[in-house]
Amino acid sequence: MRVLYMGTSEFAIPALNHLNTHDFEIIGVVTQPDRPSGRGKKLNPPPIKKIALEYDITVFQPEKVREPEFVTLLKQLAPDVIVIAAFGQLLPQTVLDIPPCGVINIHPSLLPKYRGAAPIQWALINGEKETGVSLMVLDAGEDTGDIICTERLQIALEDTAETLLQKLAEIGAGLLVDVLGNITKGQPPQATPQKHEDATQAPRLTKDIGHIDWNESAYTVHSLIRGTSGWPGAYTYYNDGSLLKIIQSMPHEDKIKEKEVTAKKQPGTVTITSDKQLYVETGLGQIQLLKVQPATKKIMDATDFVNGYQLKTGDSFSNS
RNA sequence: CGCAGGGUAGAGCAGUCUGGUAGCUCGUCGGGCUCAUAACCCGGAGGACGUGGGUUCAAAUCCCACCCCUGCAA
């Protein structure tokens with residue numbers, strides 16, 4: 001069976017790996033063009049491109065898949081099925097019609113929940129306890145196609161956007177291999193329509209979403225830190241108004257660590273315990289900061305930050 | 001040539017403007033106190049101050065070049 005793979009980000013990598021190790025015939029990988037990114041705006045390839053080249057798979061990087069020339073090229077490739085994961089472009093109906101076995105999409109949420117570009121991040125930000133992966137038959141809408149299968153996954157308190165992405169990508173890869181294997185054996189997938197009335201949206205994140213509001217509960221702040229990890233990152237400002245990214249945290253809503261943090265204080269107020277742990281008061285409970293990153297510095301343990309920047313109990317983080 | 005900050009002991013930082021004995025908070029090692037401790041007290045080890053050149057009696061500090069790291073922006 002001739003499989004054409006479309007994907008761009010890290011999430012797309014495990015599925016490609018599995019397809020390769022299970023000896024599916026991968027006739028090509030379609031991804032976004034190299035874009036200027038990083039410091040100095042150098043041209044950088046999408047993560048999936050490197051993997052594809054290692055496997056000696058032909059890589060296509062059309063500016064827009066809907067361009068007539070590229071659609072023609074796709075028809076000539078004659079794929080039996082197209083698999084798409086975190087690709088970044090919507091496919092027009094003319095492309096959806098090409099493969100006889102349809103276009104299968106791997107989406108990291110329990111559809112119809114969290115349709116859109118950032119389902120993993122939003123599930124975390126909203127403090128969900130559970131998420132999952134859905135395989136669906138792609139249609140012209142945004143993540144509105146019929147569902148082939150889903151697999152659930154509990155979200156751990158320590159999970160971040162990065163760890164969860166990795167787990168879900170692996171799950172999705174497993175599901176995909178099963179489904180394609182069945183197709184090869186002549187068992188086309190049974191797809192059932194989504195309950196569209198239950199749909200929620202998970203739009204692409206923006207910079208300001210990472211802005212921490214210390215009046216929220218410790219769990220909500222923790223969720224924001226987890227959900228925005230990687231990009232755009234959760235941030236606040238300390239004493240002299242400099243930016244501080246919060247990389248890793250742990251909430252303590254009901255468990256008061258020591259008598260040092262029992263006194264009710266203004267949200268954003270810092271407490272340094274005798275063993276140099278860093279706690280911040282929130283609207284409900286305290287949150288312990290584990291890893292932080294001051295602007296223009298590397299990621300460091302909170303203790304190192306406290307030592308080097310001479311942080312004291314009573315200092316505070318603020319919104320500007 | 002997108003904008004900006006940085007490289008000083010194992011970690012995180014001060015010192016650089018105004019050149020003159022290498023500092024802070026930790027960690028680590030040894031000792032002490034304690035029923036006990038990540039707490040407290042005493043003591044020790046550990047630095048080519050990113051690299052190369054220049055100025056000077058003297059450079060972490062001033063000048064030039066280069067390497068590496070990071071935030072912003074995309």
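No experiment lies behind these values; they were computed from the predicted model shown.
Between A:Y279 and A:H252, the two ring planes are tilted [angle within 30° to 60°].
Pairing of B:A36, defined by two Watson-Crick or G-U wobble distances under 3.5 Å, is not identified with any nucleotide. Searching all strands for a Watson-Crick or G-U wobble partner of B:C3 with both distances below 3.5 Å returns B:G71. Partner assigned to B:U51 is B:A65, using Watson-Crick or G-U wobble distances below 3.5 angstrom.
Among A:T31, A:T8, A:D34, the single residue meeting the side-chain hydrogen bond (donor to acceptor under 3.5 Å, both in side chains) criterion with A:K49 is A:D34. With respect to A:Y114, the side-chain hydrogen bond (donor to acceptor under 3.5 Å, both in side chains) criterion is satisfied by exactly one of A:E128, A:H107, A:Q121, A:Q201: A:E128.
Here the CG atom belonging to A:L110 is positioned 5.5 Å from the OG atom belonging to A:S134, to the nearest 0.5 angstrom.
When each of A:G40 and A:T303 is assigned the nucleotide of RNA chain B with its nearest heavy atom, A:G40 is the one assigned upstream, toward the 5' end. Both A:K41 and A:L243 sit near RNA chain B, but only A:K41 has its closest nucleotide nearer the 5' end.
Closest to the side chain of A:D275, out of B:A38, B:G71, B:G12, is B:A38. Closest to the A:K298 side chain, of the nucleotides B:G71, B:C13, B:C69, is B:C69.
Using a 4.5 Å cut-off on side-chain heavy atoms (C-beta onward), A:R226 and A:Q248 make no contact.
Backbone-only engagement by A:K207 is indicated by non-hydrogen atom pairs under 4.0 Å involving sugar-phosphate atoms exclusively. Among the heavy atoms of the strands lying under 4.0 Å from A:R39 is at least one base atom, whether or not backbone atoms are also near.
No side-chain donor from either of A:D301 and A:T303 sits under 3.5 Å from a side-chain acceptor of the other. Side-chain contact annotation: A:Y235 with A:Q293, donor-acceptor N/O pair under 3.5 Å absent.
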Would you tabulate the pairs of protein nitrogen or oxygen atoms and nucleotide nitrogen or oxygen atoms of nucleotides 7-10 of chain B closer than 3.5 angstrom?
none

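Taking 4.0 angstrom as the limit, A:Q293 places a side-chain polar atom (N or O) nearer than this to OP1 or OP2 of B:G71.
Between the NZ atom of A:K276 and the C1' atom of B:A11 there is a distance of 13 Å, given to the nearest Å. At whole-Å resolution of the value, OH in A:Y309 and P in B:C13 are 4 Å apart.
Between A:Y238 and A:F305, the distance from one ring center to the other falls under 6.0 angstrom.
Residues of residues 224-233 of chain A having a heavy atom closer than 4.0 Å to RNA chain B: none are found.
Counting Ile, Leu, Val, Met, Phe, Trp and Tyr side chains that sit under 4.5 Å apart, directly or through other members, A:L96 shares a hydrophobic cluster with A:L4, A:M6, A:I27, A:V30, A:F60, A:V65, A:F70, A:V71, A:L73, A:L74, A:L77, A:I82, A:I84, A:F87, A:L91, A:V95, A:I98, A:V103, A:L111, A:M136, A:L138, A:I147.
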